[in-house]
Each structure stands twice: as C-alpha cells, then as structure tokens.
Amino acid sequence: MSVEYVSTRDKSDKVTASQAILKGLAPDGGLYVPTEIPKLDKTFEELAEMDYKQVAYEVMKLMLSDFTEEELKHCITSAYDSKFDTEEIAPMTYADGAYYLELFHGKTIAFKDMALSILPHLMTTAAKKNNIKNEIVILTATSGDTGKAALAGFADVPGTKIIVFFPKDGVSDIQKRQMVTQTGDNTFVVGINGNFDQAQTGVKQMFGDQKLNSELADHGFQFSSANSINIGRLVPQIVYYVYAYTRLLKEGRINSGDKINVTVPTGNFGNILACYYGKQMGLPVDKLICASNENKVLYDFFGTGTYDKNREFHLTSSPSMDILISSNLERLIYRIAGEDDKKDAEFMKELREGGKYTITPEMRKGLADFYGNFADQTETSAEIKRVYDDTGYVIDPHTAVASAVYQKYLKDTGDDKPVVIASTASPYKFTRTVMEAIGQDDKSKTDLELTDDLSRVSGTKIPPAIEEIKSAPVRHKTTCEVAEMPQTVKGFLGI
C-alpha cells in the first residue's frame, strides 16, 4: 500500500512521504496527514522478538512507503546507534504500579532524540530522492527540548543549516546551556523576548511568507521544519509505543491483544498524537491519558469541546508543556471532522482571528479515546517526592505531571489496566526542581553543580549530555524581538 499525504486545510494537493518531510509545513499553513493509516502487518508475537531498530522498520515502512527498504534501514541504523546510552533505546522501568517508558537515553536526554536522531537522515535521503539542489534551512521554535535535539541531529549535516528560536526566559538553565553551547558551523540559536507560542507563530509565518521564501530560493535555500509539525518527526514517535507494548508482551506482563492505557505529558500534542496513530494502526491502547500542566488548554478542550487560547500564560517547572497553541491538535481535528479540510481550515481561521473555536457535538464523539486532566506546580512537586519516597525512582517534572494525572485517572475511573507513562525527559535536565521537590536542594549550588547530588540520591550516573556542557563555551549569544525573527534569519544566511 502506498500512503500519500495531504494538507489538513486542502486535501486536493497530494504529496509523497518524502515530499511532506522536505516541506515540513504545507504551503497553505496546514499540516500533512496520511490519506489512510495502514494496519500493522506483523503479529505482536513477531514484533516482540525484534529489537528497537527492527520494530522501527516494521512501523515506518508502512507510513513512509516511498522510501525503499535500503533507504529506510540506512536511516534507522544511522539514528539508533551508540549515541543512545542503552542498547534497548527506550527501556521501561516499573515503579509504583506503572511502566515508565524512558525516552531520554539519547544524546540530549529528552524524548525529542527519539525522532530527531532519524529526521536528518530521512530529510537528506528525501532531498536526494526528489533531486533537491537547494540547501535546506531547518527553521524551528522550541519550548526547551526540541531545539537541542534538532541542533544535535543536524549539526554539520551536509546540505543543511539549522536555526532555532527559543523563549530566552522560558526554558530551564540546563536546557538553555545545552542550546547556547551547541557546536557545528551550520547551527544558529536565538533567544527571543517572548514566549514559545510567539516563537512558534513567528516560525509558521516565515514558512507562509511567499516573498521571504522566494528570496531564499534566489540564494539557493529552502525552509523545512524539525518541529513535530513535520510528519518525519511524528512517524518515528509511533515506534516507541509499539515497542513498549511488545516488551510488555515479551516479559509476560500482558497477553497479545490485551489493552493497555498510555499517559503522555502533553504540550504541542505531537507525542500523544503518535500514540493515537499507533492505535489506528492496530495497537491495543484503550485510553490515551492527556496530561497538562497549568497551561491546561487541552484539558479544557477535552472537557468542553472549545479550544480557547485566550488565557494567562504560565511559566512552570515543566517548560516543554508551556504552550497555549497545540499545533498537532489540528491533525486530530481534521480526522474527527471526517477528514473535512474546509471545516478544519475554518476552525484554524477562527483560532487565528479570535483565539478560539468550538467543535461540533458529532466531532466530540471522536474524542472518546482521550481522557484529559492537569497537575499544577504543587501537585507536580508532590508527585516527584511521592514516587521517590515510595520507590527511590526519580522522575523529571514533565513525567511527574503525567504520573500525577494518571493518579487522578485511577481515582476517577478505577481503570487499572497496565499503564505506560511516557517519561519524556531526564531528571538531570531539571536538577533544581527535582532536588527541591525531594527536599534535598542545596541553594549554594548551581543547577549544574546539583547534578552530582542528584546522581547520589538517584543512584544513577550523570549522563554524558550533562558532563559535556559543564565546561563547554557559550557559542550562541544572539537575542531578538519577535518582529525581528525574519531579519535575523536573513542575517544568518547572508541575505
């Protein structure tokens, strides 16, 4: 079966997977979605005998059907190698009645590595397939983790440049240091005087700016995206949910076909959407538990059917979720609207012009797979402490939001099916928050110095990603206003 991709806002223009990866965002501002979601063609018993790379191939070959077997296996082998600190790539830890799927064993100790390790290989392969001669400029906004993972993935990749915008006062100290110390002659990092939503909107506007795109083309450049709006980011994320299920099967924790629940800390909606796509492919997931922090726009949406970004923006201890415009939700809206591109485009116009939209009662029935809830700052800290006190296992604040919301789900429903909690970042990225929560914060130490204390209390080794930045020089010092983003890009490119 050949899977093609269309824009959520105009499904008349069909492209291949490789073309969708190269474009990133559709010309009309929509997101690329598959024309159909194929079913897994291997049994779970067969998948249980495979390693991560083999499972990745079996999932991705179905969604990226214009890549040859040789091309796809080359991309997978190049991505999931010794840059991960465990052969399993995505191991699971059982603690406190839940299976924590550790997605932070890559180069930058966050779940974004799972997809951003392979995206540069998919993109450069796609460029060759489509005879692209221009240099690809990866343009990305980050709320903390995507930026560093994308920078690490694309650093010194021939034929590419990468420009990352981040809210300069809206990420953790360690997240910021990871980005501003990034090496690579083709990497550029900019702190904006604004929040993530403003950075993301600025990036989307540049993608849609025809004059700017023509100017780039005249100088031999073209934009693409490493955000989860790129389907090349989303497809690799489906893999680890399939892998997690098959590990539970292999270990005898479940029988083939048994349903599980999955809890995901959610900001831009890409990670949980990947699990939803996995469910459409035949993965026996019952509830998709969508966990928000105090920026609970998704919780309110699932409860009311109204998406409303007109509210106070909160800076929290889980910055990757400090988002009021969850871009990937558009892919779900398109699907529950019966793949009605005109209806989707109308909702997105309402969001752009008035900051909100309300889906129909019929569409709300399509949300039955989801349960939404949120955890505030106090609850997040309390959950880090509770899990540590009860089990000795240390989780980061994003994972703690998911864990706290799962506890609420249990209380609300009594549904105690096996649950996989997506553990999206290493606690070493958020040492101050974690050490404060468990009552062992030394105020005289910097966040980086606290990593030694965290290593002691958790009984884990400090990841190489942290050791590397302790003495690394700051290479990126550029800041700009939101309105200056296009000029900053042109300056980097020498236009």
Side-chain angles (χ1 to χ4, degrees), residues 93 95-96 98 100 102-104 108-111 142-145 148 166-180 195-196 263 265-267 291-296 312-323 373-408 421-463 465-467 469-470:
T93 294
D96 189 44
Y100 290 85
E102 294 183 350
L103 301 172
F104 52 76
T108 73
I109 57 176
F111 83 102
T142 184
S143 54
D145 287 334
K148 173 59 183 180
F166 73 96
K168 74 179 179 65
D169 298 318
V171 299
S172 81
D173 286 347
I174 288 176
Q175 284 176 314
K176 183 174 182 176
R177 188 159 181 84
Q178 281 189 303
M179 287 188 278
V180 297
N195 61 39
F196 169 72
T263 308
T266 308
S292 301
N293 65 14
E294 284 174 42
N295 295 292
K296 55 188 180 65
E312 185 183 351
F313 180 85
H314 298 279
L315 287 173
T316 75
S317 62
S318 47
S320 296
M321 301 159 69
D322 290 347
I323 292 171
N373 216 318
F374 74 100
D376 64 22
Q377 291 281 83
T378 304
E379 291 170 318
T380 301
S381 294
E383 188 67 3
I384 293 171
K385 180 169 174 54
R386 185 188 72 79
V387 173
Y388 176 70
D389 286 348
D390 290 354
T391 69
Y393 187 54
V394 180
I395 55 177
D396 94 291
H398 302 78
T399 308
V401 169
S403 191
V405 165
Y406 173 64
Q407 293 302 318
K408 293 184 180 186
I421 295 176
S423 185
T424 53
S426 165
Y428 284 94
K429 279 198 130 163
F430 305 95
T431 48
R432 178 77 58 193
T433 301
V434 170
M435 296 302 280
E436 277 179 354
I438 62 180
Q440 301 203 39
D441 179 29
D442 185 339
K443 298 280 191 253
S444 69
K445 294 183 178 178
T446 66
D447 287 21
L448 268 176
E449 288 166 344
L450 278 174
T451 56
D452 293 314
D453 294 1
L454 179 55
S455 177
R456 175 178 47 77
V457 302
S458 66
T460 57
K461 284 168 72 172
I462 298 174
I466 296 295
E467 296 286 12
I469 62 170
K470 282 185 175 179

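Reckoned from all heavy atoms, side chains included, excluding hydrogens, waters and symmetry mates. As the structure is a prediction and not an experimental result, all values here were calculated from the model.
Applying the salt bridge (charged side-chain N to carboxylate O under 4.0 Å, His left out) rule to Lys168 yields no partners; only residues at least two apart in sequence or on another chain are considered. Partners of Glu102 under the salt bridge (charged side-chain N to carboxylate O under 4.0 Å, His left out) rule, at least two apart in sequence or in another chain, do not exist in this structure. Considering only residues two or more places apart in sequence or on other chains, Lys385 meets the salt bridge (charged side-chain N to carboxylate O under 4.0 Å, His left out) condition with Asp389.
The main-chain N or O of Thr378 is never found under 3.5 Å from a side-chain atom of Ser381 such that the two would form a donor-acceptor pair. Not one N or O on the side chain of Asp173 forms a donor-acceptor pair closer than 3.5 Å with the backbone of Asp447. The backbone N or O of Asp376 lies less than 3.5 Å from a partner atom in the side chain of Glu379, making a donor-acceptor pair. The closest donor-acceptor contact from the side chain of Thr460 to the backbone of Ser455 lies at 3.5 Å or more, if one exists at all.
Salt bridge annotation for Arg432-Glu449: absent, with no cationic side-chain nitrogen under 4.0 angstrom from a carboxylate oxygen.
Within the 4.5 Å cutoff, the side chain of Thr108 has heavy atoms near those of the Gln178 side chain. For the pair Thr424/Ser320, no side-chain contact is recorded, criterion being any heavy-atom separation below 4.5 Å from C-beta on. For the pair Lys176/Lys148, no side-chain contact is recorded, criterion being any heavy-atom separation below 4.5 Å from C-beta on. No side-chain heavy atom of Asn295 sits less than 4.5 Å from a side-chain heavy atom of Met321.
Closest approach of Ser317 to Thr433, counting heavy atoms only: CB-CG2, 3.6 Å. Counting all heavy atoms, side chain and backbone alike, Val434 lies closest to Asp396 at CG2-CA, 4.2 Å. Nearest heavy atom pair, residue Ala98 against residue Ile421, reads CB-CD1, 3.7 Å. Listed here is the closest heavy atom pair of Lys429 and Ala110: NZ-CB, 3.7 Å.
Using a 3.5 Å distance cut-off with no hydrogens or angles, the side chains of Ser403 and Glu383 do pair a donor with an acceptor.
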